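Here is the structure we will look at, set down as C-alpha cells.
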Amino acid sequence: MNIASVIVDVPAKQTDRAFDYKIPGHLAGVIQPGMRVIVPFGPRKIQGFVTGLKTESEFSQLKSIAEPMDLNPVLNQELLSLGDWLTEKTLCYKISAYQAMLPAALKAKYEKKLVLAEKADRVALPEKVQTLFENTEAITWDEAVKDGTLSLLQKEATNGNIDIIYQVKERVKKKKVKQVFPAADRNGLAEYIEKLPANATKQKEVLEYFLQDDSPIEQKELFSFLRITSSTIKGLIQKGLLGQKEVEIYRNPFGDREFKRTEPLPLTEEQRKAIIPILNSIEEKRHGTFLLYGVTGSGKTEVYLQSIQRVLQDGKEAIVLVPEISLTPQMVNRFKGRFGDQVAVMHSGLSAGEKYDEWRKIQRKEVKVVVGARSAIFAPFENLGIVIIDEEHETSYKQEENPRYHARDVAIERAGKYKCPVVLGSATPSLESFARAHKGVYQLLSLPKRMNNQSLPSVEIIDMREELREGNRSMFSRVLLDKIKDRLEKKEQIVLFLNKRGHSSFVMCRDCGYVINCPHCDISLTYHRFNQQMKCHYCGYEASVPNTCPECESEHIRYFGTGTQKVEEELAKVLPEAKVIRMDVDTTSRKGSHEKLLDQFQEGHADILLGTQMIAKGLDFPNITLVGVLSADTMLHLPDFRSSEKTFQLLTQVSGRAGRHELEGEVIIQTYTPEHYSVELSGEQDYDKFYEREMMVRKIHRYPPFYYISLVTVSHEELMKSVSVTEKITQYIQSRLSAESIVLGPVASPIPRINNRYRYQCLIKYKREPELGRALKKVLDNYQHEIAAGGLAISVDLNPYILM
DNA sequence: CGAGGCACGTGT
DNA sequence: CACGTGCCTCGC
C-alpha cells in the first residue's frame with residue numbers, strides 16, 4: 001500500500017478523477033484514505049484528498065506526496081463514498097463534493113512566493129533585485145505584481161537565480177492558550193518560598209497560589225488574578241519552578257451562558273402514538289423515513305428529544321437539522337438544555353474558526369448530538385442513530401450552488417447506510433413529502449392537536465381593496481389598527497409580519513409610469529431610506545434617487561411597495577406611544593443582535609415586534625396575542641410554481657405565533673387577493689384541504705410531486721449566444737429523452753439579465769428518465785471549453801427550488 | 001485552476 | 001530572426 005489515489009483541488013472536468021502518488025517511506029502507514037495531503041501537481045503544489053491506497057498504478061512515473069495535512073482523516077469511509085453519491089446526484093466535481101462536506105476552514109489557501117535560489121550569487125544580481133531581497137527572505141507574488149518588478153524577477157527565475165515556491169496554507173489555526181504549571185512539588189515550592197528575598201513579593205504570591213492549587217492555569221487568568229505580568233512568571237520559569245505549555249482550546253460561541261437542564265416531559269397520548277414507530281425503528285435498526293405532521297405547538301420537539309434520548313442510550317449519535325439555526329435560539333436552548341455539552345451547534349452565525357471547533361468536537365467524538373443548518377447533515381459521525389429535519393418544508397435545505405444537494409436526500413442516503421430512521425417534522429409539509437407519506441414511501445405520524453388543548457388562534461382575513469374603496473389608504477386596516485390599540489392598552493404583545501425588508505421595493509415616476517431599473521440587471525432598484533440610495537439586490541449596483549424622471553423629466557417621483565423600514569416609520573406616526581422592535585436582515589446582521597432583540601421583546605421592553613421571514617419561526621412567547629400579516633400577497637405572484645405553497649406555509653407559520661399559552665390568540669391577515677385558496681385556507685388553517693387543492697394544480701400543470709423537474713440555466717454576455725446555446729441544449733436533451741417527458745425552452749429566465757449577462761433556461765419535466773443525468777453531464781462536458789474560458793456559464797439543477 | 005508550450009504576429 | 005500575445009493542453 002505505497003500508492004495513494006488523490007482527488008486534487010482543481011475543479012475542472014479534466015481533473016475530476018483520482019491521480020496516483022507514491023507514499024514516501026517516512027509516511028508509510030501515516031497516509032490514510034480521507035486525509036488531506038499536499039501534492040505536487042504540474043509545476044505547483046496543491047491540496048488533495050486521499051481516496052484510497054493501493055500497491056500498483058497504471059501510471060509509471062509517479063510523484064510523491066509532499067506532506068500530509070492531517071493527523072487523522074477528515075473524511076471517513078462513509079463520507080468518502082457519500083461524496084461519490086453526491087457527485088453523481090448533483091453532477092458536481094468530486095472535489096466540490098468533499099469540500100461541501102467539511103467546514104470552510106479546511107479549504108486550502110494558496111500562496112505564491114519568490115525566494116532567492118541557493119546557488120544565486122547575490123552580488124551579480126541586478127541592483128533592484130538585490131534591494132528587494134535585502135531585508136527579507138521571500139516576497140509574495142502579489143507584492144511583486146504591485147510594485148511592477150515582476151518581469152525583472154521572472155527573468156531571474158529563468159536564469160535560476162530566483163525560485164518560485166507554492167505554499168498551501170491552512171485557513172484557520174487551532175486556537176491555543178499558554179498555561180503555567182508548577183514544575184516542582186509542594187515541598188520544593190514551600191522550600192523555595194522561604195529562600196526568596198523579602199522584596200520578591202509577587203513571585204512569592206505566585207508560588208503560594210500554586211501551593212493551594214497545583215493544577216495548570218491559563219497564563220492570562222493568572223495575570224489578572226494575581227495582578228502580575230509576564231516578567232514575574234519568566235523569572236520563576238528560569239529558576240525551573242514553573243513550566244509553560246500550549247494547550248489547544250475551543251472557541252466557545254455560547255460563552256459562559258448557562259443552559260437550564262430539562263428533564264423529559266410526560267408525553268401526551270398523541271405524542272406517544274407518534275414516537276412508538278420511531279423508537280421501534282431505532283430498536284430494530286431498521287431504516288425508515290417518518291413524516292411527523294403536527295400543527296404548531298403540538299409538541300414535535302419533545303418527540304425529537306425523546307427519540308434522540310433513545311438513540312444516545314445505544315451509544316449512537318444524532319443529527320438535528322433546523323432552518324438557519326441562528327434564527328431559532330429557542331431551539332438551541334431546548335437541545336442544550338436536555339443534552340448539555342453533548343451538543344455541538346453549527347450555524348451560519350458562527351465564525352469560520354468557531355464552526356471548525358464545533359466540527360472538531362464531532363470528529364473527536366466529544367459530542368453525540370449536532371444541531372445545525374443544512375451542511376450539518378455531513379457531520380462526521382460514525383455511528384449515526386437518527387436524523388431529524390425540523391420544518392422539513394423549508395427551502396433553505398436546498399443548496400443553491402454546487403453541489404446543489406437537498407439535505408433531505410442526503411439524510412435519507414446516510415440513514416440508509418446506518419440503518420436508522422429519518423424524522424421529517426412540519427406543520428405544513430412540502431407537497432412532495434406529504435405525497436410520499438400518502439403513497440407509503442414515508443410513514444405518516446400525526447400530532448393534530450395543540451398541547452394543553454389550546455385552541456388555534458382565530459384568523460380574520462381583511463380585503464385591502466375594500467379598505468381602499470372606503471378611503472383607508474394606510475397600510476393598516478381599521479380592524480388591525482383597532483386591535484393593536486386594544487393590545488397596547490392591555491399590555492399584551494403584538495407581532496407584525498411583512499415579507500419585505502428595506503423601505504420601498506421600487507421607485508416609479510407617477511406621470512409616465514417609468515420604473516427605475518438596474519442598468520446591469522433586468523430588475524427594479526430598491527429604495528433604501530438609510531442613505532437615500534437605490535440598490536440592486538442582485539448585483540449590488542447603487543445609485544441615488546434622481547430628482548426628475550429620466551424618461552419624462554417630471555418631478556413626481558414616488559416610492560412604491562412597502563418594506564419593514566417604512567412600516568416602522570408609519571407606526572411611529574400613527575401610534576407614537578408604541579415601542580417597536582424591528583427585526584430583519586438589516587437590524588440583525590451583527591453577531592448576537594438577533595438574540596438580543598428577541599430577549600428585549602421577551603422581557604417586555606417593546607409592544608410590537610415587526611419583522612420579515614425570520615420572525616415566522618420558533619418564536620414562542622406567552623404574551624403574544626395578536627399577529628398581523630400586513631400583506632399576504634408579496635410571495636404569491638412570484639414566477640414560481642411553489643409560490644402558493646410557500647404563501648400558505650408562511651401564513652400558517654406566522655399565525656402559529658399567536659396565543660401559544662394561556663392567553664387566546666388572534667391573527668389578522670391583510671391581502672389584496674382574499675379569494676386565493678392559499679390565503680383563504682391558511683385562514684382556516686386547513687393544511688389537508690390546501691394539499692388537495694394544490695395537488696390538483698400541480699397535476700394539471702405537470703409539476704412535482706407528479707413530475708420531477710430539472711433546470712438548465714445558460715448565461716452569457718451576448719443575448720444571441722445565450723439563446724442559441726440554450727436552443728441546442730434543449731434540442732439535444734429532447735432527443736435523448738422519452739416522449740412522455742416535456743422539455744421546455746429556450747425561455748428567458750424570470751430575471752432575464754443579471755450583471756450584464758443574459759440568462760436563458762431549459763426546463764425538463766419527467767417521470768422516469770434514467771438517462772437524464774448522463775445527458776446533462778454530456779451537455780456540461782460539451783461546453784466545458786467555453787465555460788472554463790469564462791464566457792459561458794451553465795448551471796444544471798436536478799430538482800431546483802428556485803426557478804430564477 | 002494555472003503554467004508552460006507553441007502558434008502566430010510584429011518589429012528589426 | 002528575437003520577442004510578445006493569446007489559446008491549448010496537461011497535470012499522477
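Owing to the predicted nature of the structure, the values given are computational and were not obtained by experimental measurement. Each chain gets a letter, A, B and so on, in the order its sequence line appears, and its residues count up from 1.
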**OP:** Check the distance between C/dG11's C1' and A/Asp16's CG and give it to me in whole angstrom.
**Re:** 14 Å

Original post:
How are the rings of A/His406 and A/Tyr397 set to each other: parallel, tilted or perpendicular (split at 30° and 60°)?
Top reply: tilted

**OP:** Would you indicate whether the side-chain heavy atoms of A/Asp20 and A/Lys54 approach each other to under 4.5 Å?
**Re:** yes

Subject >> Nearest-angstrom distance from the residue atom NZ of A/Lys45 to C1' of C/dG11 >> reply: 15 Å

**OP:** Kindly state which residues belonging to residues 33-41 of chain A come within less than 4.0 angstrom of DNA chain C, counting heavy atoms of the residue only, listed by number.
**Re:** A/Pro40, A/Phe41

**OP:** Would you kindly give the NZ-to-P distance between A/Lys22 and C/dG11, to the nearest whole Å?
**Re:** 16 Å

Original post:
Which class fits the ring pair A/Phe19 and A/Phe41: parallel under 30°, tilted 30 to 60°, perpendicular over 60°?
Top reply: perpendicular

Original post:
Which atoms form the tightest heavy-atom contact between A/Val322 and A/Val371, and what is the distance?
Top reply: CG2-CG1, 4.2 Å

Original post:
Which whole-number value in Å describes the distance from A/Arg44 CZ to C/dG11 C1'?
Top reply: 8 Å

Original post:
Starting at CD1 of A/Ile95 and ending at C1' of C/dG11, how long is that distance when rounded to a whole Å?
Top reply: 14 Å

**OP:** Describe the nucleic acid contact of A/Lys112 in one word from base, sugar-phosphate, nothing, applying a heavy-atom distance below 4.0 Å.
**Re:** sugar-phosphate

Each nucleotide N or O in nucleotides 6-10 of chain C that has a protein N or O under 3.5 Å away: list the pair and distance.
from	atom 1	to	atom 2	distance (Å)
C/dC10	N4	A/Gln14	OE1	3.4

Original post:
Is the A/Phe378-A/Tyr405 ring centre distance short of 6.0 angstrom?
Top reply: yes

Original post:
Is the distance between the ring centroids of A/His520 and A/Tyr538 less than 6.0 Å?
Top reply: no

**OP:** Start with the C-alpha gap between A/Glu382 and A/Lys365, add the side-chain angles, then the distance that decides, and say whether salt bridge (charged side-chain N to carboxylate O under 4.0 Å, His left out) holds.
**Re:** CA-CA 9 Å; A/Glu382 292 182 327; A/Lys365 312 247 176 320; 3.2 Å; yes

**OP:** Please name the pair of heavy atoms, one in A/Ile23 and one in A/Met1, separated by the smallest distance, quoted to 0.1 Å.
**Re:** CD1-O, 3.8 Å

Original post:
Is A/Glu771 paired with A/Lys778 through a side-chain N to carboxylate O contact shorter than 4.0 Å?
Top reply: no

Subject >> 5' to 3' contact window, DNA chain B with chain A (heavy-atom distance under 4.0 Å) >> reply: B/dC1 to B/dA3

